[in-house]
Amino acid sequence: MSDADLFFSLLRISAAQILRAAGLTTAKPSVLDAFTDILRRYLILLGTTTRDMAELNNRIEPDISDVRKALEHVGLIRPINVFSDPEDGDTRGVEAFVEWFRGGQEREMRRVAGFAVEEAMGGVPAQTKNEEWLGMVRKVGEKR
């Protein structure tokens, strides 16, 4: 198994979790592989766009403003005011993105991934077993 195959297999697990959190409980292996490839390309686009934003500012290392601009550029978050100066430090778009992660979608993704927030412990994250997720991963592996 090459490194590319290993990394693709690892990303396939995340792709399956994303699909499960979105409510899709079953998928053909070819659909899962296609979605994994789209996810891989999107992550590469986000990373290269972040790098490009840093290079436009004559820096080798990207900072958080480069990540914000890349997220806006690829359409993951919307700029609050398209007519404002891009260097103004307006972080409302990023804050809305963070709030999305604090919502119900994030809880469902954590549940599918095998992590849950225990209400009895005052919101302290605790790892839990998720046989449903493990069964799905095994089922996908058997179909291949």
Side-chain angles (χ1 to χ4, degrees), residues 1-119 121-130 132-134 136-141 143-144:
M1 177 181 271
S2 70
D3 285 347
D5 292 338
L6 173 66
F7 297 140
F8 190 84
S9 296
L10 293 172
L11 188 58
R12 186 183 300 122
I13 295 169
S14 295
Q17 291 174 345
I18 291 169
L19 291 173
R20 175 64 182 109
L24 299 171
T25 56
T26 59
K28 291 182 179 181
S30 60
V31 172
L32 181 58
D33 286 345
F35 181 70
T36 304
D37 188 52
I38 292 169
L39 178 61
R40 179 187 66 85
R41 291 170 187 250
Y42 195 75
L43 290 172
I44 290 170
L45 174 65
L46 187 58
T48 56
T49 304
T50 302
R51 182 202 61 213
D52 293 344
M53 294 295 174
E55 288 176 353
L56 284 172
N57 291 311
N58 295 322
R59 286 185 272 109
I60 297 172
E61 299 270 332
D63 62 14
I64 191 68
S65 66
D66 299 320
V67 175
R68 178 182 59 94
K69 290 174 192 172
L71 290 172
E72 288 176 358
H73 186 76
V74 300
L76 196 56
I77 60 175
R78 281 184 261 160
I80 299 302
N81 185 356
V82 294
F83 300 110
S84 66
D85 180 17
E87 300 298 325
D88 67 355
D90 186 5
T91 61
R92 289 180 289 175
V94 176
E95 289 166 2
F97 186 62
V98 169
E99 284 302 315
W100 178 84
F101 274 102
R102 291 184 179 153
Q105 185 76 15
E106 185 271 340
R107 280 192 297 277
E108 179 64 10
M109 288 190 309
R110 288 182 63 79
R111 184 192 70 76
V112 170
F115 293 92
V117 175
E118 303 242 351
E119 297 297 329
M121 297 182 69
V124 177
Q127 185 172 358
T128 61
K129 290 185 180 181
N130 192 331
E132 179 182 357
W133 174 81
L134 184 59
M136 284 180 50
V137 172
R138 286 184 181 151
K139 200 181 303 183
V140 168
K143 287 182 181 179
R144 298 195 108 236

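Worth knowing before you read on, the calculation uses all heavy atoms, side chains too, and leaves out hydrogens, waters and symmetry mates.
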(request) Inspect the surroundings of CG in L6 and state if more than 12 heavy atoms from other residues, nucleotides or ligands are less than 6.0 Å away. (result)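 Yes, because the 6.0 Å sphere around CG of L6 holds more than 12 heavy atoms from other groups.
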
[X] side, atom [atom1]; [Y] side, atom [atom2] - distance, nearest 0.5 Å:
X: L39; Y: R12; atom1: CG; atom2: CZ; answer: 12.0 Å
X: T26; Y: L24; atom1: OG1; atom2: CG; answer: 8.0 Å
X: S30; Y: F35; atom1: OG; atom2: CZ; answer: 14.0 Å
X: K69; Y: T49; atom1: NZ; atom2: OG1; answer: 13.0 Å
X: N57; Y: D63; atom1: CG; atom2: CG; answer: 7.5 Å
X: F8; Y: D37; atom1: CZ; atom2: CG; answer: 5.5 Å

(request) Return yes if a side-chain donor-acceptor contact under 3.5 Å exists between T36 and D33, otherwise no. (result)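 D33 and T36 do not have a side-chain donor-acceptor pair below 3.5 Å.
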
(message) If we ignore hydrogens and angles and just use 3.5 Å, is the side chain of T48 paired with the main-chain N or O of L45 as donor and acceptor?
(response)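 Yes; at least one donor-acceptor contact below 3.5 Å.
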
(request) Kindly determine whether M53 and R68 satisfy side-chain contact (heavy atoms from CB on, under 4.5 Å), including the steps that lead there. (result) CA-CA 10 Å; M53 294 295 174; R68 178 182 59 94; over 6 Å; no

(message) Apply side-chain contact (heavy atoms from CB on, under 4.5 Å) to residues L43 and L11 and explain how you reach the verdict.
(response) CA-CA 11 Å; L43 290 172; L11 188 58; 4.1 Å; yes

(request) Would you name the heavy atoms of S65 and R59 that are closest together and state the gap between them? (result)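 So the two residues come closest at OG-NH2, 4.3 Å.
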
(message) Looking at every heavy atom in both P62 and T50, which two are closest together, and how far apart are they?
(response)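 It is CB-CG2, 3.7 Å.
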
(request) Salt-bridge test for R51 and D66: reply yes if a basic N is under 4.0 Å from a carboxylate O, no otherwise. (result)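 Judged by the 4.0 Å cut-off on N to carboxylate O distance, R51 and D66 do not form a salt bridge.
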
